[in-house]
Structures are given as C-alpha cells and as structure tokens.
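Every chain is numbered from 1 and lettered A, B, ... according to where its sequence line falls, protein lines coming before strand lines.
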Amino acid sequence: MKNFEYVLPGSLEEASKAAADGGAKLKAAGVDLLDEMKNTVATPDKVVNLLSVGGMREIVRTKDGWRVGALVTLAQLADSRLPAAITAAAGEAATPQIRNVATVGGNLCQRPRCWYYRNRAYACLRKGGTVCYALEGENRYHAIFHNDACAIVHPSNVAPALLALGATVVTNRRSIPIEEFFVLPSDHVDRENVLEDGEIVTEVQVAQSRWSSAYREERERDSFDWATVSAAVALRMDGAVVKDARVVLGAVAPVPLRSKEGERVLIGQRLTEKIAQAAGEAAFKGATPLSDNAYKRLVGPANLKRAILSAGL
Amino acid sequence: MRKRKTQVALRVNGEDVEVAFVPHKTLLEVLREDLGLTGTKHGCELGECGTCAVLVDGKPVLSCLALALDMEGREITTVEGLAQNGRLHPLQEAFADLGAAQCGYCTPGFLCTSKALLERNADPAREEIEEALAGNLCRCTGYLKILEAVELAAARMRQEKTRGR
C-alpha cells in the first residue's frame, strides 16, 4: 500500500473540505478502500477518516419511518426492525467479521468487484482507459443489462432492498431519492453514483409502510460469496391481490435495476406461483448476456419468483 | 494530519502498549511486525478468508482490512490472549482434543471468531455455529471437526459454569 496522509476531521464540513481535494479518498470502516489500495487501484495522497467525525452511528425511529446513519454497520442493520428486504440484504452481505465493521454508507459507495477493474494490470474504461475488457474477456459475473459500454454489476446487497422500499439518500448537501443515486456507465463511466467531490452520504431514510418485502440472492458458495443474481421485492397486498409492486434486480446491471416489466405482470393480479414465475420471466426478457453469463437469465427469474412469493405470502 | 510514523496507544490482550508505525499499516501488520504477535495470520488480504480475524471490543473483525490507526482506545484480543493464567482456553483444548486443526493456519481466526460466538451464545445450535464461522475458510479439515470442537468447548464451558456456582 502506498503511504498517505491520514486526515482526522472533527466535523462534516472539515471532512468535506479535505475530501474535495483531488488526491483524497473518504473512508468509513475502509473495508473496500483498503482492498483497492492494496491492489493499488486506489492510490490516494490523503485518506479522510469519517469515523473521527462522530455521530451517524444510530438507527433512529421517527414517526413515519427510520433514519439510518451512514456509519451504522451492516450487522446493526441486519439486527434492526427495518423492513424485511433490508435486514435480509444486510444479513446476507459478506461475512460476520465484515458486517461487524462495514457501514451502510460504505456499502452504497463501494466500487465494483469486476476483476479487470480490481487488477492494476488492466487500464480499463472505468479507470480512464479506452476498453472494457469484460466485454470480450472473462465475464461470468458481469452485467446482462446495460452492458454495452462497461459491464460491471453494482456490488451492493443493500441498495436493491433500499430501492424496493423507496429510500432516500441524504448527503451533507442534499436529499436524493435512491432511484436517482446510482448512474449508468453511459452517463458516467468513472463512478457509480451521483456524488460530487466533497459530498458525503450522512444517512439513509426509509419510510414506514404497509408494503411487505423480501430480498433473495443466489451465489456459488453457500457460506459467503458475492451474489450471482439478487432480487428485492416490495408488494402492497390486498388479501391475495397485489395492489402495487416494486421489483428490483441486483448483480445483473451496473446499477440496482428496477424492473417495471416485472411489476406490470404482478399489479392487479392474485399472487400465485404462476404469476410470480411470469413476472420473473418478464423481468429478464430484455437481458443481453455476454459470452459467459447467460446462466443469469435462467437463475435470475427463478430467484425473483421466489423473492416475490416470499414477499407476498 | 499524519504521514510519518505516529506513536499510538493500543490495548492488546489486556495490556496497554505504545507503538510507532506509519499510517498505511493494517492492524494485522502492526500486530505481527511491531508487536511480535505472529499468531494472527496473513491470508487473502482482501476480506474473504477470515484467517486474520481478531476481536475488537469483543467482536470478530478482519485485521487485514482495518487500519491500525483506527484502533486507538479499542480492546484488541488476538489468539495469544485466549489462554488465561497458563491455561488454554476451552476452545483451544477442544480443537486440540478433537484434531480440529490440521495445517493450523486458519485456526487462530476460527478460535477468535468462535470465542465471540460463545460469549454471546453459550449453547449455539450447529446452524448458528456455521453462520458465525461463515467468514472463516479452512482448506484441510472439511469443517466437521471444527464445528464439533466448538460444540465440545461450549459444553465444557457450560459444565464449568454450573460447577462453579
């Protein structure tokens, strides 16, 4: 790891000012940043430690929902009383040791796992190069939607769940509906979200609702692995009938991907296995797999079907 | 603002230590290189194998993905801190009795992670042990003996507690 200057800001303003400096990186627990720094994919001159700011570590119950501090750990979130999709997504992320330190803000802002991105030998598109090596290379874990320019998948477990529940990301400058937080490579190929220099996620707000929700993922190893496909589903049920639905796909696109196609199949219908299956198929119909990841188009609908059924039944 | 070596006060295995290191050192590197506590092992370095797990304020964390600078004021326990008063921790005894270590490289991480589990749950079910140890990889044992050793240690600790009453 390259040496760096360690900045311990006493306030968000100080942190923001230090982070706005070109060679600086923000860190919370540092789980993802240290990984990048060891691979010398990130070589910051300054590391700005958000842990020294203080606060942002609590889940606060408000009269209409929850305010989750950006430094709340995934373990805290998994043990909380937030909607089921969110606690399940947090509890399935990484390993117990990582969940004990990794934060909600860090989870939303982590960089992609693409092996070309993480390997210093490849000057890929996302690192300022001209080529996405995954398109013609090894791409079994890559995107099957929006994969024409850069085929990363967004690595966050928690993001699809927060998107299904319509959460809001709050920064030191503004509130952003989570649906507008993540960006596609066609808009910005060098970052995964709308955050500007010096902008810091401070909390995530989740409204309380009567929607029932579920998160489900498939992975190669049962104990700990990155998802090959994931799905977060929130349903507003009236008896056995789906009045409204939000369906979000994870690990298949550069952003957590809302599937209106899947939602349209569900809304107004009695929830049955057949309808859940049809929604799963509709959600993956427009997929454009690469050479090694067409399996996601088969596993994805089955996973989504199960997530829909467990949200609604 | 810190770039050169910094003097930091850490608390490791119940002892206060002052140690000087450069900011980019991980907790794992400081434990091994500056404090001579080589029980904690380097593994994948990327958060996937759990062999570098230590306890920070009683919770298992990965020392390879933690900056040592962030550990000021925290209570760190490594595998060297498990034995008390010259007696091995019941987990260490059970691992030895049942042959739950083969090459032994993953053992410190398993021991620390299991200790945290047994402190919050004295009688964990097999699935709860599997869940708690999901972040620790072992390439020799096939895990069965490790799971059995944690169960044996838990049973012995419960017995000891009952006798102590």
Side-chain angles (χ1 to χ4, degrees), chain A residues 1-9 14 18 21 24 27-52 73-76 78-79 91-102 106 110 113 115 118-119 219 221-226, chain B residues 1-6 8 21-29 42-74 109-110 112-114 116-117 120 127-138 143:
Chain A
M1 217 187 310
K2 183 172 104 49
N3 207 0
F4 52 82
E5 186 180 325
Y6 201 45
V7 183
L8 299 168
E14 279 178 44
D21 184 346
K27 90 163 219 352
V31 172
D32 188 46
L33 182 61
L34 286 184
D35 181 331
E36 280 195 291
M37 288 166 68
K38 286 179 180 187
N39 285 326
T40 63
V41 172
T43 52
D45 300 321
K46 280 185 191 174
V47 172
V48 182
N49 183 21
L50 284 173
L51 298 177
S52 79
T73 65
L74 295 182
Q76 267 176 284
D79 286 341
E92 298 252 342
T95 69
Q97 288 98 342
I98 288 176
R99 294 196 294 273
N100 279 338
V101 294
Q110 65 186 306
R113 303 303 309 176
W115 37 42
R118 295 269 162 175
N119 189 327
R219 49 191 186 229
R221 275 189 299 175
D222 200 25
S223 62
F224 148 63
D225 213 343
W226 299 92
Chain B
M1 305 268 174
R2 295 162 160 177
K3 198 157 189 174
R4 293 163 181 280
K5 272 194 179 184
T6 320
V8 177
F21 52 84
V22 285
H24 66 82
K25 276 202 161 185
T26 61
L27 174 60
L28 174 61
E29 289 164 340
H42 279 279
C44 70
E45 291 287 320
L46 300 171
E48 300 198 354
C49 75
T51 194
C52 68
V54 299
L55 302 181
V56 175
D57 297 334
K59 287 184 183 165
V61 307
L62 300 180
S63 61
C64 81
L65 289 182
L67 285 179
L69 276 177
D70 286 349
M71 293 297 140
E72 208 156 8
R74 318 289 295 272
F110 270 102
C112 288
T113 307
S114 304
L117 169 68
R120 66 183 159 80
E127 300 75 50
E128 290 172 313
I129 301 173
E130 285 173 350
E131 168 59 26
L133 298 179
N136 296 79
L137 296 185
C138 171
Y143 300 101

Under 4.5 Å between any side-chain heavy atoms of [X] and [Y], yes or no?
| X | Y | value |
| --- | --- | --- |
| Leu34(A) | Glu45(B) | no |
| Asn136(B) | Gln97(A) | yes |
| Asn39(A) | Leu46(B) | yes |

Could you look at Ala66(B) and say if it's the side chain, the backbone, both or neither that has a heavy atom under 4.5 Å from chain A?
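Contact with chain A involves the backbone of Ala66(B) alone.
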Heavy-atom count around Lys38(A) NZ within 6.0 Å, excluding the residue itself: above 12?
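Yes, NZ of Lys38(A) has more than 12 neighbouring heavy atoms, counting only those of other groups under 6.0 Å.
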Only pairs of heavy atoms separated by less than 4.5 Å count here; which of Asp225(A), Leu51(A), Ile98(A) has the most with chain B?
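When all of Asp225(A), Leu51(A), Ile98(A) are compared, Ile98(A) has the most.
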Which of Asn49(A), Asp222(A), Val101(A) touches chain B most, by non-hydrogen pairs under 4.5 Å
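Looking at each of Asn49(A), Asp222(A), Val101(A) in turn, Asn49(A) comes out on top.
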Suppose a student defines contact as a heavy atom less than 4.5 Å from any heavy atom of chain A. Which residues in residues 47-56 of chain B would they list?
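Within residues 47-56 of chain B, near chain A: Gly47(B), Glu48(B), Ala53(B).
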With a 4.5 angstrom heavy-atom cut-off, is it the side chain or the backbone of [X] that approaches chain B, or both, or neither?
| X | result |
| --- | --- |
| Lys2(A) | backbone |
| Asp35(A) | both |
| Val31(A) | both |

What is the minimum heavy-atom distance between [X] and [Y], and which atoms define it?
| X | Y | value |
| --- | --- | --- |
| Pro23(B) | Tyr6(A) | CB-CB, 4.3 Å |
| Pro96(A) | Gly135(B) | CD-N, 3.8 Å |
| Arg99(A) | Glu131(B) | NH2-OE2, 2.9 Å |

Identify which of Thr26(B), Leu133(B), Leu137(B), Asp70(B) forms the greatest number of heavy-atom pairs closer than 4.5 Å to chain A.
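Of the candidates given, the most pairs with chain A belong to Asp70(B).
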Name the member of Gly109(B), Ala116(B), Pro60(B) that forms the most heavy-atom pairs with chain A at distances under 4.5 Å.
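Between Gly109(B), Ala116(B), Pro60(B), the count favours Pro60(B).
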About how many Å separate CG of Asp32(A) and CG of Leu65(B), when rounded to the nearest 0.5 Å?
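Reported value, rounded in 0.5 Å steps: 9.0 Å.
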Ignoring hydrogens and angles, tell me if any N or O in the side chain of Asn100(A) forms a donor-acceptor pair with the backbone of Lys59(B) under 3.5 Å.
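Not at all, since once roles are kept as given, no pair shorter than 3.5 Å links the two residues.
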